[in-house]
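Order of the sequence lines fixes the chain letters, A, B, ..., with proteins taken first and strands second; residue numbering starts at 1 for each chain.
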Number of protein chains: 2
Amino acid sequence: MDKKDLRNSLIATATRLFAERGLNGVSIRELSTAAGVSISMISYYFDGKEGLYSSVLSEQFSCFEYMKSIKERDTGPLDKIEEYIRWSIHRNREYPYLLRYYTSELTNPTRYFSVIVQPALETALQILIGIIREGIDKKLFREELNPEDTALAMAGMVNYYFLSTLATQKFVNHSPERDEELIRHYMDIFCKGL
Amino acid sequence: MDKKDLRNSLIATATRLFAERGLNGVSIRELSTAAGVSISMISYYFDGKEGLYSSVLSEQFSCFEYMKSIKERDTGPLDKIEEYIRWSIHRNREYPYLLRYYTSELTNPTRYFSVIVQPALETALQILIGIIREGIDKKLFREELNPEDTALAMAGMVNYYFLSTLATQKFVNHSPERDEELIRHYMDIFCKGL
DNA sequence: GTCTATATTGCGATAGAC
DNA sequence: GTCTATCGCAATATAGAC
């Protein structure tokens, strides 16, 4: 195993284990064994357990950069909102552990929250707020809408679908095959209401 | 300090500390010191750290019982939905640590998830689904709506408002004085859409 | 660069005094 | 019923061999 493989092996194993049991729920002993490397490599490459955690966090939240490309799109607010929903679902599928870091950092922030997590979430939400505001300005959406609350409602709707999986899988089908239907359905609820 | 006080002191301290740093993030040493009692009292009253955690969890989720009274109300679906939103907001205000256990158990379930958390959440969501279904049956809501997805969208909207607090407090006013306005606004978004 | 072995600290649980 | 003192174990970090 060369240098790159060893480092990547640690990141991959840590991503899964920290997500499943939290920063304090995993020992570097167990983690290094699961990664198939020596325990001392964690200090060597990441300067200890917390350094490894912050590397995992950076990697997981880097995908929020994509939100900026939605902002720059040459389409209308409604299309951008659909793209936001599609991206949110895709993001949760591609990074199955992301939501755990997301919620864990929001409710039990580590010292890395303000540096890695907060900026990523704030940027994404501010862009979504801007999209709603644009729709109101262009008279496409009702002017009574508060852009901030509306954006949070939108983000909450999508994220909660994934967050609730463990409690709802017995009566809600969470399979990826249904994702496109879900996007249409969420757009429908959000545009027309009940 | 008599027996009841000592036990309550442990529950109160544990509720705060486990919420802030998770089950594995707090030692019973620190916890008993913060509660002002001896470390051995945790085993004596709760049969160890995990027993104390499960007692905290039971207490936090007992408020979900209230959802059954919303189901039995002698009003229409729209009124029940408003009551659901009002209760959700009130619940998060009255139990400021509840959402942390809620999300922590959903993303990193302990052995108590299936006994305490899952039943509480499932019951509440099933009642909400029933309310949406009732509205569709009575032709009050559009028949294209999928009751399950719609209920999850509703629940997600309210919960995310609280979940996102730490990342959004700079640009969204989360003060309780705005709660009634929020209820009206969420009802408005949900009923009429954009 | 990677390992093994170990130093040191802190953990949860409990025996036994009062 | 509540405490102090301690046991046995597992944690992180690192020194030193290769």
Who pairs with B:S32 by side-chain contact (heavy atoms from CB on, under 4.5 Å), at least two apart in sequence or on another chain?
B:V37, B:I39, B:I42

Here the side-chain hydrogen bond (donor to acceptor under 3.5 Å, both in side chains) pairs for residues 12-27 of chain A, sequence neighbours left out, are A:R21-A:E30

Please check the phosphate of C:dG1 (OP1 and OP2 only) for any side-chain N or O of A:Y45 closer than 4.0 Å.
no

Given atom CG of B:D47 and atom C1' of C:dA13, what is their separation to the nearest angstrom?
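These atoms are roughly 10 Å apart.
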
B:F18 vs B:Y53 aromatic rings, parallel, tilted or perpendicular, using cut-offs 30° and 60°?
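B:F18 and B:Y53: perpendicular rings.
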
What is the separation between atom CG on B:L31 and atom C1' on C:dA13, rounded to the nearest whole Å?
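Atom CG in B:L31 sits about 15 Å away from atom C1' in C:dA13.
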
Return the angle between end axes of the helix from C:dG1-D:dC18 to C:dC18-D:dG1, with five pairs used per end and rounding to 10°.
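Comparing the axis at each end, I get an angle of 0°.
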
For DNA chain C, whose closest nucleotide is more 5', that of A:M41 or that of B:E50?
A:M41

Spacing of B:I42 atom CD1 relative to D:dC3 atom P, expressed in whole Å
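In whole Å, D:dC3 P lies 11 Å from B:I42 CD1.
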
Enumerate the protein-to-nucleotides 9-12 of chain C contacts in which both atoms are nitrogen or oxygen and the separation is below 3.5 Å.
| residue | atom | partner | partner atom | Å |
| --- | --- | --- | --- | --- |
| C:dC11 | OP1 | B:S27 | OG | 3.2 |
| C:dG12 | OP1 | B:K49 | NZ | 2.7 |
| C:dG12 | OP2 | B:I28 | N | 2.7 |
| C:dG12 | N7 | B:R29 | NH1 | 3.1 |

Between CG of A:D5 and C1' of C:dG1 the distance, given in whole Å, is 14 Å

Quick one: side chains of residues 122-133 of chain A, donor-acceptor pairs under 3.5 Å with protein atoms, not counting sequence neighbours, listed by atom name and distance.
| residue | atom | partner | partner atom | Å |
| --- | --- | --- | --- | --- |
| A:E122 | OE1 | A:Q118 | NE2 | 3.1 |
| A:E122 | OE1 | B:K170 | NZ | 3.2 |
| A:T123 | OG1 | A:P119 | O | 2.8 |
| A:R133 | NH2 | A:E148 | OE2 | 2.9 |

Please name all residues satisfying ring pair (Phe, Tyr, Trp, His ring centres under 6.0 Å) with B:Y161, sequence neighbours left out, ordered by chain then number.
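B:Y161 satisfies ring pair (Phe, Tyr, Trp, His ring centres under 6.0 Å) with B:H174 only.
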
Between A:L6 (CG) and C:dG1 (C1'), how many Å, whole number?
9 Å

What pairs meet the salt bridge (Lys or Arg N to Asp or Glu O under 4.0 Å) rule with one or both residues in residues 31-58 of chain A, with sequence neighbours excluded?
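Qualifying pairs: A:E50-A:R111.
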
Find the distance A:L10:CG to C:dT2:C1' and express it as a whole number of Å.
12 Å

Please list all pairs meeting salt bridge (Lys or Arg N to Asp or Glu O under 4.0 Å) that have one or both residues in residues 88-99 of chain A, counting only residues at least two apart or in different chains.
A:R93-A:D179

Looking at CG of B:L145 and OG1 of B:T150, how far apart are the two atoms once the value is rounded to the nearest 0.5 Å?
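If I round to the nearest 0.5 Å, the distance is 4.5 Å.
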
Sequence-distant partners of A:T75, side-chain hydrogen bond (donor to acceptor under 3.5 Å, both in side chains), two or more places apart
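Only A:D79 meet the side-chain hydrogen bond (donor to acceptor under 3.5 Å, both in side chains) criterion with A:T75.
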
Nearest to the A:S40 side chain among C:dT14, D:dT14, D:dT2, which nucleotide is it?
D:dT14

